[in-house]
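Below, read A as the first sequence line, B as the second, and so on, with proteins coming before strands; counting in each chain starts at 1. Keep in mind that what you see is a predicted model, and the values were worked out from it rather than measured.
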Number of protein chains: 2
Amino acid sequence: MSTISGRAPTLDEVAREAGVSRSTASRAINGGKRVSPTAQAAVDDAVQRLGFTPNPAARALATQQTGSVALVIPEPDDRFLNDPFLLGVLRGVSGALAVTELQLVLLISNRTPGRLVRYLQAGHVDGAIIASPHRGDHLEEGLRGSRPIVFIGRPFEMNGLSFVDVDNVTGARLATEVLVRAGRTRIGTVAGPTDMTAGQDRFIGWQEALDAAGLPHDAAEAADFSVPAAEAAAERLLDAHDVDAIFVASDTMAVGVRRALDRRGLRVPDDVALVGFDDLGTAELMHPRLTTMSNPVLDLSARATSMLLARLTDPSLPPEHVLLPTRLVPGGSV
Amino acid sequence: MSTISGRAPTLDEVAREAGVSRSTASRAINGGKRVSPTAQAAVDDAVQRLGFTPNPAARALATQQTGSVALVIPEPDDRFLNDPFLLGVLRGVSGALAVTELQLVLLISNRTPGRLVRYLQAGHVDGAIIASPHRGDHLEEGLRGSRPIVFIGRPFEMNGLSFVDVDNVTGARLATEVLVRAGRTRIGTVAGPTDMTAGQDRFIGWQEALDAAGLPHDAAEAADFSVPAAEAAAERLLDAHDVDAIFVASDTMAVGVRRALDRRGLRVPDDVALVGFDDLGTAELMHPRLTTMSNPVLDLSARATSMLLARLTDPSLPPEHVLLPTRLVPGGSV
DNA sequence: CTGTTAGCGCCTTCAA
DNA sequence: TTGAAGGCGCTAACAG
C-alpha cells in the first residue's frame, strides 16, 4: 500500500502509476481486450499497489449499468420473516446471484408501491425479481417497459410480463384428490388470500377436484397465509360446516388450522383429514406429519434469476412463462 | 406524461421545460433553498409532467453519497434464514431505515470477506451495519477508517469501533443462577461457537455463576448456534457428564438439546433443567415453555441504525459501545 | 435569487 | 495497441 491520501485512488492515479493513459488503464481493468501484455502487467501492478477499486457510481453513470438487481418482497417485513416461501425465495435468488458479479438489493416494500416504483424507475438497479405480487400493488403498470423484470408467482395482469410459478391449480387438485380417495366427502378449504394468484389458483384446484368427484364445494374460508388468520378462518369454517377434511392452501396456515381443531378436540386424521401446500419445513414438524404438496421454491428462484440474467444481456427477449410441477409429499394427516 | 423518448428525462430537460437553468432546477428539487416561488412552481410542474427522477448514479458521483447502507450478515445464507436473531436484525434495521430516505442493501457474505470488503471500500454504500461478526472474518481491519460502520454484536477487535450488543455475560450469569437457585448442582452448558463473542461471553457468564456458587464447571460443549450442532454437542455432553441442568447459549440450540434428552428418555425439568437464551419465538413453542433470557434484537437493531445514521451525518463522532440489558423470561423448564 | 462554470470518476468512440 | 477528447447526469461554488 503506497496510498498517500485517505481518499480512494482513482483511475487517473492508476494510469499515472502505470505510466499509461487513462483509456489504456480502463481497458486493462475491464477484460484487457486490445492491451499489450506490457501495459496490462503495469496496470495490474499499479492496481495492486494502490488498492484501486473502480468507483461504482462513476462506472454506472458511464455504462448505464449498476451491477445490481433488486429482489422485491411486497409484504410488510414481519410477514416476510415468518413466511418460509419468501425466505426460500431470498435464499434461492441470493444463491443464484452469488456466482455472478451482480449484487442483490433487497426491497421489502411495505406496500408503498410509489416509493418502490420510483426506486426501480430511477435506475438504481439493472433489473428486478418481484416475489408474490398482490392485486392492487400496481407494480405491473408502473414498471412495464422499463428495466427487465421477472415475477415469482404469476401476476394478475400477465401480458408482456415474464414469470415463474408453481402449478398451483394442478397441485391443489392433486391435494384434494388425496382427500377424495381417502373417502372423505365433506371437504372444506382454508384458502389463500384472494388478492394473490396463488390463493386463487389453489382455490380453483380444490373446486375442480370436488366438481370432478361430484362433491359440494361450499365450505371455504380465506386467510392471508399467516398462522393467526388461518386459525380464525378455520374457526369460521368449523362453525358453519361439518367437515371431515380440509385442504389448507399453505403449511403455515395448517398450523393455525391445527390449533383450531385441537381446541375443539378434533383429531387429525381421525375426525378431520388435512392436506397442506409447500413442504418447506413446517409440514415435517407437525404431528402427525402433514401430507402436503411440494413447492420447489429454490428451483423457482433459480429459474427466475436466470431468466432475469438473460434479459439483462438481451432486453429484447420475449416474455416467458414457466410453470413448475409440484408433487405429493405423503404424511400422516390423511 | 409528455415524454417523447423512451429514455428517462434528465435534469436538463426539466430545466428547459421549466424555463430555468439546471442549477435552479437542481436547487428546487433538493430542498428548494434560495429558489423563488415562481421558479419552484415551474420546476415542480415540469418534474411532474416529465415524470423526472434524479439519476442515482449521477447524484452519487456528484455528492459522494449513495443514499444506501449495507446490512452485512457474515453467515452462509441457509444459516441466516434459520436464525431468529439474524432475521430479527434484518427486520429491525429494515424497519428503522424505512422512515429514512436510505435504502437497505443486504449482504449475505458467505464468508468471502474479500469480495465484501471490496464492495464496501468501493463506496457502493455510505455505511454499514455488520451483524454477529466472527473471529477470522477480518472485517474490522479491512474497513477501519473507511465508511462509518456499526457492529451488532461485539467484534473481537473493538478499539476504534462502534457496536451495540446485549449484555451476554450478565445474561448468562443470571440464567445459570436460576439453575443454581433451583437446587441443581451438576450444571453443564451447550455453549455458542468460540469464534463469536456472543458464544464466548455467555460461556464466561455461566462460569462466573458456577464459581460464585462453588460448583464445578467442567461440563461444557460448544456448537455453532444451529439445531443439529447443538444436538451433537448435547450428546457429547451427556456421554461424558452426569448433569442435572444445562444452560444452552441459544433457544435454537435448546431445540437440539431437547432432542438429545428426549432420545435418552430424560425429562425436562425433572431429570434435567434447561435455560436458554434469546426468547425470539422458539422458547414459547417448546413444551414445557423454555425458561430463557430475552434478547432485545429489535432495540439492538434500532440503536445500531441510529448510531450509524448519526455517523453518516458526522463521521467524526467517537466510537460508541452500547450494552443492552437482558431479563429473565420464566418458563417451565427449570 | 439566478445562471455560468467546473468538476465527480469512469468508459468509449475516434484518430493516430 | 494507444491516447486525446467528450460525455454520462447531477451538484456546488462563484459571480452577478
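Note: A:Phe151 CZ to A:Met307 CE = 11.0 Å, rounded to the nearest 0.5 Å.
Across C:dC10, C:dG9, D:dG3, the shortest atom-to-atom separation from the side chain of A:Arg59 is found for C:dC10.
Under 4.0 angstrom from either OP1 or OP2 of D:dC8 there lies no side-chain N or O belonging to B:Thr10. Residue A:Gln65 has no polar side-chain atom (N or O) positioned under 4.0 Å from OP1 or OP2 of D:dC8. At D:dA4, none of the side-chain N or O atoms of A:Ser23 fall inside 4.0 Å of OP1 or OP2 (strictly under the cut-off). Using a 4.0 Å cut-off, some side-chain N or O of A:Ser21 falls inside it from OP1 or OP2 of D:dG3. Residue B:Asn55 has no polar side-chain atom (N or O) positioned under 4.0 Å from OP1 or OP2 of D:dC8. An OP1 or OP2 oxygen of D:dT1 is reached within less than 4.0 angstrom by no side-chain nitrogen or oxygen of A:Gln40.
Residue B:Arg27 is the one, among B:Arg27 and B:Ala62, whose nearest nucleotide of DNA chain C lies closer to the 5' end (criterion: closest heavy atom). Residue whose closest nucleotide on DNA chain D sits further toward the 5' end, between B:Asp12 and A:Gly19: A:Gly19. Between B:Val35 and A:Ser26, it is B:Val35 whose nearest contact on DNA chain C lies nearer the 5' terminus.
A donor-acceptor pair is defined here as one N or O able to donate and one able to accept, closer than 3.5 Å; such a pair exists between the side chain of A:Thr63 and the backbone of A:Arg59. A:Asp83 places no side-chain N or O within 3.5 Å of a backbone atom of A:Arg79 that could act as its donor or acceptor partner. Side-chain atoms of A:Ser68 do not come within 3.5 Å of backbone N or O of A:Val105 as any donor-acceptor pair.
A:Ala57 comes within 4.0 angstrom of no nucleic acid atom, judged by non-hydrogen atoms across all strands. Here B:Ala39 lies in heavy-atom contact (under 4.0 Å) with sugar-phosphate atoms only. Residue contacts for B:Thr63: at a heavy-atom cut-off of 4.0 Å it reaches the sugar-phosphate backbone alone, with no base atom in range. Within the nucleic acid shown, B:Leu11 comes within 4.0 Å of at least one base atom, counting heavy atoms only.
Distance, A:Leu61 CG to D:dT11 C1': 12 Å, rounded to whole Å. Counting to the nearest Å, the C1' atom of C:dG9 and the CD atom of B:Gln121 are 17 Å from each other. What separates CG of A:Asn30 from C1' of C:dG9 is a distance of 13 Å, to the nearest Å. When rounded to the nearest whole Å, the span between CG of B:Leu50 and P of D:dC10 equals 11 Å. Look at CZ on B:Arg22: it is 11 Å from C1' on C:dG7, rounded to the nearest Å. The distance between atom NZ of B:Lys33 and atom P of D:dT11, rounded to the nearest whole Å, is 18 Å. For B:Arg34 and C:dT2, the CZ to P distance is 10 Å, given to the nearest whole Å.
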Please assess B:Val35 against B:Val20 for the test side chain to side chain contact (heavy atoms under 4.5 Å, CB included), listing each intermediate value before the final yes or no. CA-CA 11 Å; B:Val35 175; B:Val20 299; over 6 Å; no

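The number of heavy atoms from other shown groups lying within 6.0 Å of CZ (B:Arg303) does not exceed 12.
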